[in-house]
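Input: a single structure, listed below in structure tokens.
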Amino acid sequence: MSDGVRDSEFNDSTDWVLGIDGGGTKTVCLVMDETGTIAGRGEAGPSNYQTIGLAAAGESISQAIALAVKELPGVAIAGIGVGLAGVGRPADVQVVQGLVAGLYAESALPIRWNLQSEGVVVTHDCAIALVGGTGSASGVAIVAGTGSIAYGCNSQGESKRAGGWGYRFGDEGSGYQIAIAGLKAAARSHDGRGPKTLLTDSLLDYLNLSQLEDLIEVIYRRGWGVTEIAALSPLVDRAAAAGDAIALQILEDAAGELVLMTQTVALALFTRDQAFEVVTIGGVWRSVCHLGDRFRDSLRTQFPAVQVISPRHEPAYGAGLLALERLGKRVLSS
């Protein structure tokens with residue numbers, strides 16, 4: 001199996017599939033042959049229908065498909081895997097299945113639909129992140145980006161999730177919550193309610209502010225949202241790497257929350273001595289203060305045989321693998 005884009009002409013006798021990853025920021029579509037080799041890739045706008053609506057989501061998916069097959073006009077598609085953010089309930093799956101049906105009724109796309117019913121897979125974004133990240137349907141994915149969630153599946157097909165409750169009452173260990181903790185620590189230090197921390201000067205320098213009170217104008221009056229605030233989390237990471245005790249504790253707390261989420265999922269699916277993989281996904285894992293090492297070492301105290309890995313492939317690739325597996329191509333590792 002290869003995930004490199006191939007240059008050769010496509011073969012009409014091949015069972016081609018589309019793998020689609022749709023989130024709140026962008027939509028990625030891959031066109032893949034029956035061995036898992038990528039022949040085309042397209043990106044378009046967001047496709048979380050819960051936030052932008054079904055019509056806009058469908059348009060983004062259609063645009064991503066058109067770009068992915070641009071160099072393969074007339075390619076016959078036998079399967080399609082779709083993993084979208086916000087598809088967490090059976091009712092959501094039905095809605096997206098209807099959206100997919102509308103796609104292959106759309107004559108404007110430069111492809112021939114040869115879909116087999118078993119080759120249509122609709123699921124949530126965590127499922128395709130797990131499959132793409134591990135190359136297997138079994139294991140645990142722990143996502144720590146702007147938000148956070150853990151999702152896993154075992155060889156019996158049982159699944160479990162933890163977290164993913166959003167920034168208002170969840171997303172522990174996420175970039176957003178790390179940043180919020182850093183902002184609170186800086187404010188407490190400035191007031192004298194908490195110990196001194198490098199985070200105060202780090203925020204002032206990064207935002208080009210003369211005094212910490214100016215954060216009010218930046219955060220509130222400019223209407224900063226979750227994404228903008230989460231982008232401050234690397235400041236906490238760098239302060240921790242410089243030895244700041246407050247920032248170090250924030251990262252320790254974040255790692256602990258991510259371990260707890262992962263353990264909760266793993267205990268529901270695997271025995272403590274069982275070997276399985278945990279794939280770490282999201283920007284928080286790029287920590288220069290070795291948050292990933294803390295996470296791995298702590299997790300191994302409960303699951304000695306666990307392997308913590310970085311993603312082998314992107315989520316859209318996982319969506320394509322699921323479609324190929326449904327077509328009987330046996331592309332997933334055991």
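Along the sequence shown, the residues carry numbers beginning at 1. Keep in mind that the numbers below use all heavy atoms, side chains included, and drop hydrogens, waters and symmetry copies.
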I'd like to know if the side chain of Ser47 pairs up with that of Thr27 as donor and acceptor (distance under 3.5 Å, no hydrogens or angles considered). yes
Can you find a pair of side-chain heavy atoms, one from Gln307 and one from Val278, that are under 4.5 Å apart? no
Ion pair check, Asp297 and Arg300, cut-off under 4.0 Å: no
In Å and rounded to the nearest 0.5 Å, what is the CG to CD1 distance from Leu322 to Ile128? 8.0 Å
Nearest heavy-atom approach of Val17 to Gly320 is CG2-O, 3.8 Å
Audit row: Met32, Leu321, side chain to side chain contact (heavy atoms under 4.5 Å, CB included) steps and yes/no: CA-CA 9 Å; Met32 299 159 53; Leu321 290 181; 4.1 Å; yes
Could you tell me whether a side-chain N or O of Asp15 sits under 3.5 Å from a main-chain N or O of Ala78, the two making a donor and an acceptor? no
Does the side chain of Glu257 reach to within under 4.5 Å of the side chain of Glu252, using non-hydrogen atoms? no
Starting from Ile111, can I reach Val82 by hopping between I/L/V/M/F/W/Y residues whose side chains sit under 4.5 Å apart? yes
Full working for side chain to side chain donor-acceptor pair (under 3.5 Å) between His190 and Gln211: CA-CA 10 Å; His190 178 76; Gln211 55 186 4; over 6 Å; no
Spacing of Phe303 atom CZ and Gln263 atom CD [to the nearest 0.5 Å]: 6.0 Å
Pair Thr35-Thr37, side-chain donor/acceptor within less than 3.5 Å: yes
Any carboxylate oxygen within less than 4.0 angstrom of a Lys/Arg side-chain nitrogen, looking at Arg41 and Glu71? no
Could you check whether any side-chain heavy atom of Leu199 comes within less than 4.5 Å of a side-chain heavy atom of Val236, counting everything from C-beta outward? yes
Minimum-distance pair of heavy atoms, taken over all atoms of Ala44 and Ser60: CB-O, 3.3 Å
Tell me, with the steps shown, if Ile38 and Val31 meet side chain to side chain contact (heavy atoms under 4.5 Å, CB included). CA-CA 6 Å; Ile38 299 171; Val31 56; 5.8 Å; no
Quick one: does any side-chain atom of Asn154 pair with a main-chain N or O of Leu269 as donor and acceptor, under 3.5 Å? yes
Nearest-0.5 Å distance that lies between atom CG in Leu232 and atom OH in Tyr176: 11.0 Å
I'd like to know whether CG of Asn208 has more than 12 heavy-atom contacts from other residues, nucleotides or ligands below 6.0 angstrom. no
Can you tell me how the ring of Phe276 sits relative to the ring of Phe270, calling it parallel under 30°, perpendicular over 60° and tilted otherwise? parallel
Checking Ser174 side chain against Asp171 main chain: does a donor-acceptor pair fall under 3.5 Å? yes
Write down the atom of Gly19, the atom of Ala319, and the distance for their closest heavy-atom approach. CA-CB, 3.9 Å
Checking Asp33 side chain against Gly36 main chain: does a donor-acceptor pair fall under 3.5 Å? yes
Please tell me whether Leu267 and Ile149 are part of a single hydrophobic cluster in this structure, the criterion being side-chain heavy atoms less than 4.5 Å apart. no
Of all the heavy-atom pairs spanning Leu204 and Ser210, show the shortest one and how long it is. CD2-C, 4.4 Å
Check for me, please, whether Ile246 and Val288 land in the same ILVMFWY cluster - side-chain distances under 4.5 Å, paths through other members count. no
Sub-3.5 Å donor-acceptor pair from the side chain of Thr264 to the main-chain atoms of Leu260, do we have one? yes
When you check the gap from the basic side-chain N to the acidic O, do Arg326 and Glu118 get nearer than 4.0 Å? no
Value rounded to 0.5 Å, distance of CD1 in Ile142 from CE in Met261: 4.5 Å
Are Pro46 and Thr25 side-chain neighbours, meaning at least one heavy-atom pair lies under 4.5 Å? no
Any chance you could lay out the side chain to side chain contact (heavy atoms under 4.5 Å, CB included) test for Val96 and Val93, step after step, and finish with the verdict? CA-CA 5 Å; Val96 178; Val93 172; over 6 Å; no
Looking only at heavy atoms, the pair that brings Thr197 and Ala185 closest together is CG2-O, 4.0 Å
Sub-3.5 Å donor-acceptor pair from the side chain of Gln177 to the main-chain atoms of Glu172, do we have one? no
ILVMFWY cluster, Leu235 and Leu291 together (side-chain gap under 4.5 Å): no
Check: Ser287 side chain, Val284 main-chain N or O, donor-acceptor pair, under 3.5 Å: no
Please answer whether the main-chain N or O of Ala68 pairs with a side-chain N or O of Glu43 as donor and acceptor at a distance below 3.5 Å. no
Output yes when a side-chain donor or acceptor of Ser233 lies under 3.5 Å from a complementary backbone atom of Ala230, and no otherwise. yes
Which heavy atom of Ala305 sits nearest a heavy atom of Asp273, and at what distance? CB-O, 4.0 Å
Below 4.5 Å, heavy atoms only, C-beta onward: do Asp125 and Leu84 meet side chain to side chain? no
Any side-chain heavy-atom pair from Ile65 and Leu103 closer than 4.5 angstrom? yes
Single-linkage hydrophobic cluster Tyr167~Ile178, side-chain heavy atoms < 4.5 angstrom: no
Heavy atoms from other residues, nucleotides or ligands near CZ of Arg193 exceed 12 (cutoff 6.0 Å): yes
If you measure from OG on Ser138 to CG on Leu130, what distance do you get to the nearest 0.5 Å? 7.5 Å
Quick one: does any side-chain atom of Glu59 pair with a main-chain N or O of Ala56 as donor and acceptor, under 3.5 Å? no
Taking the basic N atoms (NZ, or NE/NH1/NH2) and the acidic carboxylate oxygens, is any pair closer than 4.0 Å for Arg89 and Asp92? yes
Decide side chain to side chain contact (heavy atoms under 4.5 Å, CB included) for Val87 and Thr123; before the verdict, give the C-alpha distance in whole Å, the side-chain angles of both, and the deciding distance to 0.1 Å. CA-CA 7 Å; Val87 180; Thr123 186; over 6 Å; no
Do Ile77 and Leu115 have side-chain heavy atoms sitting under 4.5 Å apart? yes
Determine whether Arg294 and Cys289 make a side-chain contact, defined as any pair of heavy atoms from C-beta on separated by less than 4.5 Å. yes
Nearest 0.5 Å please: distance from the CG atom of Asp293 over to the OG atom of Ser298. 12.0 Å
